Every structure is written in structure tokens, then in C-alpha cells.
Enquirer: 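Pasting in a structure now, in C-alpha cells, and then I'll have a few things to ask.
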Amino acid sequence: MQVFGDATRREPALRKLQRLRGMLDALSALPPGIVRHAFLVEALIEAGELWQGVADARFHAAGGQDRPPSPPVAATAALTLALAQRCAASWLSGFERSPLQPMGLLAECEAQLAGEHVDVRQPEGYAFYALYPEAYFMAAATLVADKHIGTCRVTGLRSIGTSLCAMVAVAVGDPAPRTVRPTGPPFERRLSMSGAWPAVEGVCQAVVDEGPGLSGSSMAAVIGQLREQGTAPEHIHLFPGHPNGPGAAATPRTRALWRASDTRVVSFDDLILHAKTPIHRLRSWVEQIVGPLLGPLEDISGLRRSALRHGHNATPVHPWQERRKFLAHSATGTWLVKFAGLGHQASKRLACAQVLGDAGFSPRLAGTCHGFLVERWHGEMTPLTRDACARPALRERLLVRLAAYIAFRALNLGASQEPGASLEVLGRMGQCNTEEACGPHAAHAWQALVARARGLQARVRRVRTDNRMHPWEWLVQGHTLIKTDAIDHHAGHDLVGCQDPAWDVAGAVAEFGLDARSETALVEALGRIGCQIDPALLAFYRPAYLAFQLGHFSFAVRDATDSAQGARLRAHAQSTYDAPLRRWLDTDADK
């Protein structure tokens, strides 16, 4: 099944540097505290993305080989390291210390990169998994304290390994950390480098990434290279994103390399949730927004509103895609505290939350604190169900609200420069997933659909689509309907990205089981608001949406934590996506 994608943004290097200059200028006007520190971390991530883009450009120009740093790579590395030093100083001082910003290094990068464009990949750990660069600094500090190491060389794996390895380098005193780009099949990554890393007696090696994933092969490629060149296992120190080691697809060799190396991890819980000093705790940041809390933060990560109301997770959701989230109870009410991401792209998503909340489509945003949003918790409202929406009175209100919501996003959340799959890519995904689910006879239908769709690409109006129109994402009370979890699925790590508003129409049709009459009513209502839906695009998106969600839920079934959850996910996928997709093959594909 094809579901996931690696979205890449192409932009001028000077645009990123201008953004960085604006951040650094703004930092000088901010008072000490978590807001200033968060802004500093955002600048670090932006610089790390630039380093990644410049290094990858040289990597590809060299035929897929990492070579010694060129002057532009060295300049962006130096800027990232300087910002890492400032992030570490801010963290250690309880957000009081703010050294002078590295404007000279920024100017050097501007001189080196004039006229250059870079392809930047979103660091998934920062965007989705509450991975904080400060945790790597603190993990490396434990190595220094425990081992009393001398010289230590730091290697980060691109993409996210640029800013992460800079934080490790600050802790261990490496003035020039390096990065590499493992290549090859996902479960068999390898290194391609010009020049060796000869072992030097007494020199430690730190390997830094957000993994390991299912195979752990990326970090294992670096460990293997170090071992082959004479580094003793006890001198190799791993800085991953979690302590669980490689996943189920790891080879015996990878597991052996991992076990022989020293692993250092500081978890999110240890860093922020249960930090030794109150100033570093998420609770203290939230209290600056909503006032003193009446008790500890209530961890509801992985649960939906139905679970909190009924004592079990009744909605068919993919658990590992659920963000870290908490309930905060204060004299001003109950608040949802949810991880929304770090970095510039996350700031754009938080701005989206502000716009939707102010317009009344989503819960109103109370504030943000270093990667988390704080919004009003509507525990008194009930999640919609598909059966409830079949009642005529509720369905009529729902269609009106759906039209207003989709049109508002289309008219206010444009995304002409944002990444999103082409119709051809969506078509290939649709063919792959449908053939796997329904058999090879599906190929002809999709080939014909893609052939018709190629001429439609120019008609796509990219907006920041919702991409998750499932009933349980909507809350109802009386005549009020609001949409939750609405800010970032257009910027997820799947292949869909930003699409035409017709994608959300196709999503609403599938998720709510709208019949032809209701679909027509929805499209006509959108047109009256000024959001015209292209019927040819909608005809393409309908089966593409079904095929994508079928693939998504097939992975959710695989990853289910118990048989009851797996059965719930499987039943939802079969009734909501598989059966309609088969009906499309039988009746609509040749129209």
C-alpha cells in the first residue's frame, strides 16, 4: 500500500536566510522566558534545514556521495552550531541568558549562497513526534558526565540530524560536526563517502538521528562504517530519538551493532513533563497562559473524546499518529494542551489554528508554548457518528456547515507554494492500493482515470485542505458544530499534502456516506459561497480518496495494539473505503 510521502519544499536559500535574519532581529526585543527560548529553537531548526538543503545539493552534485564540506556547507554548519550554542545556554540558564546573535555568520552564509535554491525536507520528529533538540543536548551531557570523554566527533544523519547533531556537538565540544545522507532501499541503507574516517586512539564517535525506525539501517550504516575503519564499539555512542532500538525489520547484524554501542536518550517526559526544575516543565508554560493549574496535567495521548466520555477508545484511529496531548484544569476552565510542532512550518500551522478558531470553525486558541497549542476543551460536546448524521435534521445542518468550512479554507488558507501530490502521483497510489485490495483487474480503470486526469492538473487550486473529514473529528451540541484537529494534516508525512477543495468534498462524501443528492447539495452550497468545485476534479478525487484511506487504515490494522482495536479499524476500512471502491470499479470507472 502507498500512503506515506517525503514532502520536499524548494525555495531560495536567501529567502530562508532572510527569514532567519528576521528571527534573530526579533529575538533581541523579546524578554527572557519560554517564548524567547522557543523562538531561538525555531531559528536553530531553520538553520539546520538550510544546512541540510545545501549539503544535499552538494551530495547530489557529487553523484550521491558525501565529500568534505565545501565553503557553503561549512558556513551553514557554523551558523547552525552557533545557534545550538545559544539554545543550550538559554536552556541551562532557565531561559535567562541570551548571548549576542551570530549576525556575522549569517552574513557569511548570505554571501556564500546568493542565487542558490535548496530542497528542504520537513524534520518529522520536530513536526509530529514531540522530539526536542534540547533533549539531545541533555543526553550528550550525561555522556560527558559519565565517561569523562576527551575528543568526540559527532555525525548527524540528514535531514533532522543537522540541528540535532549541532546540539550534541555543543555538549561534547566538537567544533565541526559532520552530516551524512545514507542511501539505498529503506531497510538496507548504506553510506557513500569520499574519504575515510580513520579511527584515532581515544577519540569517541557520536551518531545522531531521530530513529531508529523499523530496520534501523540508517544509523547502522554509520556504526558499521566506523567499526570497519577501526573504531572500537565502546567508543561509539548513539543518540536516537527513543530507547527502543531498531524495529521488527532489523537484521541480526544491525541488532548486534546496536547492542555493542552505548545509547543515550533523554525522553520528552524527563526533559519537559517531569523536569527537575519547574521552569522547564510544560505545566509552568501552560500556567503562563491559563493561570495556576488545579492539579497535574492529565495525559490523554492516544485517546479520543469518545474514550474520555465512555471509558474506551471507540473511534477507529491510528494510535501512533496521535499527538502528545494533555488536559489542563484551572480556575478559568479545562484546556486541551496538544503538541503542534516545532519550527517555522509549525508556526504556520499554529497561525492556521488561530484563523480557524477566530472564525468559529474550531476551538478558540488561548495561546502557544514551545511546540504546544492551548485551546478550550469542549468536553460537553459530543463527537459525531455516521449513524447520527443520517438523521435528516442533523444532515441538513451538517451540509451547511461542511460547505461553510470547506469554502472558508479555500478562500482564506491558500497554498499555491506548498507541496502536494500531483494527480498523476495520486493516480499511481490509487492503482497500487486498489490492485492490492481488489486484484489486478483494477489496473485498467486507474490507467484510464490517470490518462484523463493529466489534463486536469492545471485546474487544481492548492489550498491547505483539512484532509481529515472523519465524523469523530466533528463535535456537536445543539445547533453548534465545530471541527477539531484541523490545522496540519495538509502538512503531514503522507503523500497527499495540499490539494484542491474538491479533495475535502470527496472526503466528506466518503466519511459521512453522502448519497448523490446530498453531494449535489453540498457542491451547490459551496458554489453559492463563492467556492466552485470542478466536477472533473471531484470525479478523480472520489476514488483516489477511498484508495488512500484504505491504505492508511491497512497500516492502522497492522499496528493495532489489541484485537478489538484491530477489528474496529478493519470494519471501518471495509465499510467506508473498500466497499465503495469496489462499487466504483463495478459501476463508475468506465464513465
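In this text the structure is predicted, and so the values were computed from the model without any measurement.
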Enquirer: Under 3.5 Å, side chain of Asp56 to main-chain N/O of Phe59, donor-acceptor pair present?
Expert: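 Looks like no, no N/O pair under 3.5 Å.
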Enquirer: Donor-acceptor check, side chain of Gln457 to backbone of Leu423, threshold 3.5 angstrom: yes or no?
Expert: yes
Enquirer: Rounded to the nearest 0.5 Å, what's the gap from CE on Met23 to CG on Leu44? Could you check?
Expert: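 It comes to 10.5 Å.
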Enquirer: As an exercise, state the distance from CD1 of Ile406 to CD1 of Ile529, rounded to the nearest 0.5 Å.
Expert: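 Answer for the CD1-CD1 pair, Ile406 versus Ile529, is 9.0 Å.
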Enquirer: Using distance alone, with no hydrogens and no angle criterion, decide if Arg582 and Thr434 have a side-chain donor and acceptor under 3.5 Å apart.
Expert: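 Judged by distance alone, the side chains do not pair up.
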Enquirer: Where do Glu110 and Arg21 land on the side chain to side chain contact (heavy atoms under 4.5 Å, CB included) test, with the steps shown first?
Expert: CA-CA 10 Å; Glu110 289 170 337; Arg21 183 173 287 278; 2.9 Å; yes
Enquirer: Are the aromatic ring centres of Phe4 and Phe555 under 6.0 angstrom apart?
Expert: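 When the ring centroids of Phe4 and Phe555 are compared, they turn out to be within the sub-6.0 Å range.
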Enquirer: One thing to verify: whether Arg9 and Asp119 come together as a salt bridge, which I'm taking to mean a side-chain N less than 4.0 angstrom from a carboxylate O.
Expert: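 So Asp119 does not pair with Arg9 through a salt bridge.
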Enquirer: Consider only side-chain N and O atoms of His37 and Glu134, and report whether a donor and an acceptor are under 3.5 Å apart.
Expert: yes
Enquirer: Determine whether a donor-acceptor pair (N or O, by modelled atom type, separation under 3.5 Å) exists between the side chain of Thr162 and the backbone of Arg158.
Expert: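 Absent.
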Enquirer: Roughly how far apart are Gln288 CD and Ile34 CD1, rounded to 0.5 Å?
Expert: 7.5 Å
Enquirer: Does a sphere of radius 6.0 Å around NE2 in His479 hold more than 12 heavy atoms from other residues, nucleotides or ligands, not counting ones at 6.0 Å or beyond?
Expert: no
Enquirer: Give the minimum heavy-atom separation between Met429 and Ala547, together with the two atoms involved.
Expert: SD-C, 4.0 Å
Enquirer: Run Val400 and Leu481 through side chain to side chain contact (heavy atoms under 4.5 Å, CB included) and show every step you take.
Expert: CA-CA 10 Å; Val400 171; Leu481 275 168; over 6 Å; no
Enquirer: Closest approach of Asp494 and Val496, non-hydrogen atoms and distance?
Expert: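 Distance-wise, the nearest heavy atoms are OD1-N, 2.9 Å.
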Enquirer: Under the side chain to side chain donor-acceptor pair (under 3.5 Å) test, which residues partner Asp209, sequence neighbours left out?
Expert: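 Once residues adjacent in sequence are excluded, Asp209 has no partner under the side chain to side chain donor-acceptor pair (under 3.5 Å) criterion.
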Enquirer: May I ask you to say whether Asp488 pairs ionically with Arg323, meaning some side-chain N is under 4.0 Å from a carboxylate O?
Expert: yes
Enquirer: After noting the C-alpha distance and the side-chain angles of Ser362 and Thr484, does the key distance pass the side chain to side chain contact (heavy atoms under 4.5 Å, CB included) rule?
Expert: CA-CA 6 Å; Ser362 289; Thr484 67; over 6 Å; no
Enquirer: I want to check something: taking the side chain as every heavy atom from C-beta on, are Glu396 and Arg401 in contact at a cut-off of under 4.5 Å?
Expert: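 They are not in contact (no side-chain heavy atoms under 4.5 Å apart), so the answer is no.
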Enquirer: Strictly by modelled atom types, are Ser347 and Glu42 linked by a side-chain donor-acceptor pair under 3.5 Å?
Expert: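 A pair is found: one side chain offers a donor N or O, the other an acceptor, under 3.5 Å apart.
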Enquirer: Return the minimal non-hydrogen interatomic distance between Leu585 and Ala445, and the atom names on each side.
Expert: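 The pair with the smallest heavy-atom distance is CD2-CB, 3.8 Å.
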Enquirer: Find out whether Ile482 and Val476 are in side-chain contact, i.e. whether some heavy atom of one side chain is under 4.5 Å from a heavy atom of the other.
Expert: no
Enquirer: Can you see whether Phe553 has Arg558 sitting over its ring - NZ or CZ less than 6.0 Å from the centre and within 45° of the normal?
Expert: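 Cation-pi check for Arg558 and Phe553: fails.
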Enquirer: Mind listing the closest non-hydrogen atom pair of Leu526 and Ala403 along with its distance?
Expert: CD2-O, 3.2 Å
Enquirer: Taking the side chain from Gln52 and the backbone from Arg121, do they hold a donor-acceptor pair closer than 3.5 Å?
Expert: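 Such a contact is found between Gln52 side chain and Arg121 backbone.
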Enquirer: Rounded to the nearest 0.5 Å, what separation is found between the CZ atom of Arg528 and the CD atom of Glu524?
Expert: 6.5 Å
Enquirer: Indicate whether the side chain of Ser301 and that of Asp299 have a donor and an acceptor atom separated by less than 3.5 Å.
Expert: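 Side chains of Ser301 and Asp299: pair found under 3.5 Å.
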Enquirer: Decide yes or no for Phe408 and Leu356: does some side-chain heavy atom of the first lie under 4.5 Å from some side-chain heavy atom of the second?
Expert: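 Yes - at least one pair of side-chain heavy atoms lies under 4.5 Å apart.
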Enquirer: What's the separation between atom CG in Leu164 and atom OH in Tyr132, rounded to the nearest 0.5 Å?
Expert: 13.5 Å
Enquirer: Leu106 vs Leu20, test: side chain to side chain contact (heavy atoms under 4.5 Å, CB included). Steps then yes/no.
Expert: CA-CA 8 Å; Leu106 181 66; Leu20 259 171; 4.1 Å; yes
Enquirer: Please walk me through it: do Arg15 and Glu46 pass salt bridge (charged side-chain N to carboxylate O under 4.0 Å, His left out)?
Expert: CA-CA 11 Å; Arg15 182 188 298 166; Glu46 190 75 10; over 6 Å; no
Enquirer: Check whether any side-chain heavy atom of Phe326 lies under 4.5 Å from a side-chain heavy atom of Ile300, and answer yes or no.
Expert: no
Enquirer: How about Val450 and Gln431: do any of their side-chain heavy atoms sit closer than 4.5 Å?
Expert: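 No - every pair of side-chain heavy atoms lies 4.5 Å or more apart.
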Enquirer: I'd like to know whether Glu418 forms a salt bridge (charged side-chain N to carboxylate O under 4.0 Å, His left out) with Arg462, so could you lay out the CA-CA distance, the side-chain angles of the two residues, the decisive distance to 0.1 Å, and finally the verdict.
Expert: CA-CA 8 Å; Glu418 299 294 325; Arg462 292 206 187 279; over 6 Å; no
Enquirer: Less than 6.0 angstrom separating the ring centers of His552 and Tyr577, yes or no?
Expert: no
Enquirer: Are the side chains of Pro123 and Ser159 in contact, using a 4.5 Å heavy-atom criterion?
Expert: no
Enquirer: Evaluate salt bridge (charged side-chain N to carboxylate O under 4.0 Å, His left out) for Arg364 paired with Glu375, printing each intermediate quantity in order.
Expert: CA-CA 6 Å; Arg364 187 175 291 276; Glu375 64 183 32; over 6 Å; no
Enquirer: To the closest 0.5 Å, what do you measure between CD (Glu49) and CZ (Arg19)?
Expert: 8.0 Å
Enquirer: Only pairs under 3.5 Å count here: list side-chain donor-acceptor contacts from residues 532-545, not counting sequence neighbours, and write none if there are none.
Expert:
residue	atom	partner	partner atom	Å
Gln532	NE2	Gly527	O	3.2
Asp534	OD1	Arg459	NH2	3.1
Asp534	OD1	Ala536	N	2.9
Asp534	OD1	Leu537	N	3.4
Asp534	OD2	Arg459	NE	2.8
Asp534	OD2	Arg459	NH2	2.9
Tyr541	OH	Gln499	OE1	2.7
Tyr541	OH	Asp500	N	3.4
Arg542	NE	Glu519	OE1	3.4
Arg542	NE	Glu519	OE2	3.0
Arg542	NH2	Glu519	OE2	2.5
Tyr545	OH	Glu511	OE2	2.6
Tyr545	OH	Gln549	NE2	3.4

Enquirer: Side chain of Asp578, backbone of Ala437: donor and acceptor closer than 3.5 Å?
Expert: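 Not confirmed, Asp578 side chain does not pair with Ala437 backbone.
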Enquirer: Taking C-beta and beyond as the side chain, do Leu394 and Leu384 meet within less than 4.5 Å on heavy atoms?
Expert: yes
Enquirer: Side-chain contact test, heavy atoms from C-beta onward, threshold under 4.5 Å: evaluate it for Leu282 versus Ile272 and give yes or no.
Expert: yes
Enquirer: Looking only at heavy atoms, what is the nearest atom pair of Cys389 and Leu398, with distance?
Expert: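 So the two residues come closest at SG-CD2, 3.8 Å.
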Enquirer: Quick one: do the Tyr405 and Arg409 side chains pair a donor with an acceptor below 3.5 Å?
Expert: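 Checked: Tyr405/Arg409 side chains pair up, N/O donor to acceptor below 3.5 Å.
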Enquirer: Is it true that Glu424 and Arg452 have a side-chain N and a carboxylate O under 4.0 angstrom from each other?
Expert: no
Enquirer: For residues Leu297 and Ala328, report the shortest heavy-atom separation together with the two atoms involved.
Expert: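 Taking every non-hydrogen atom into account, CD2-CB, 3.7 Å.
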Enquirer: For Phe512, does its backbone N or O pair with a side-chain atom of Arg395 as donor and acceptor, under 3.5 Å?
Expert: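 Judged by distance alone, yes, a pair lies under 3.5 Å.
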Enquirer: Does Thr179 reach the main-chain N or O of Leu157 with its side chain, forming a donor-acceptor pair under 3.5 Å?
Expert: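 Absent.
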Enquirer: Do Tyr129 and His242 have their ring centres less than 6.0 Å from each other?
Expert: no
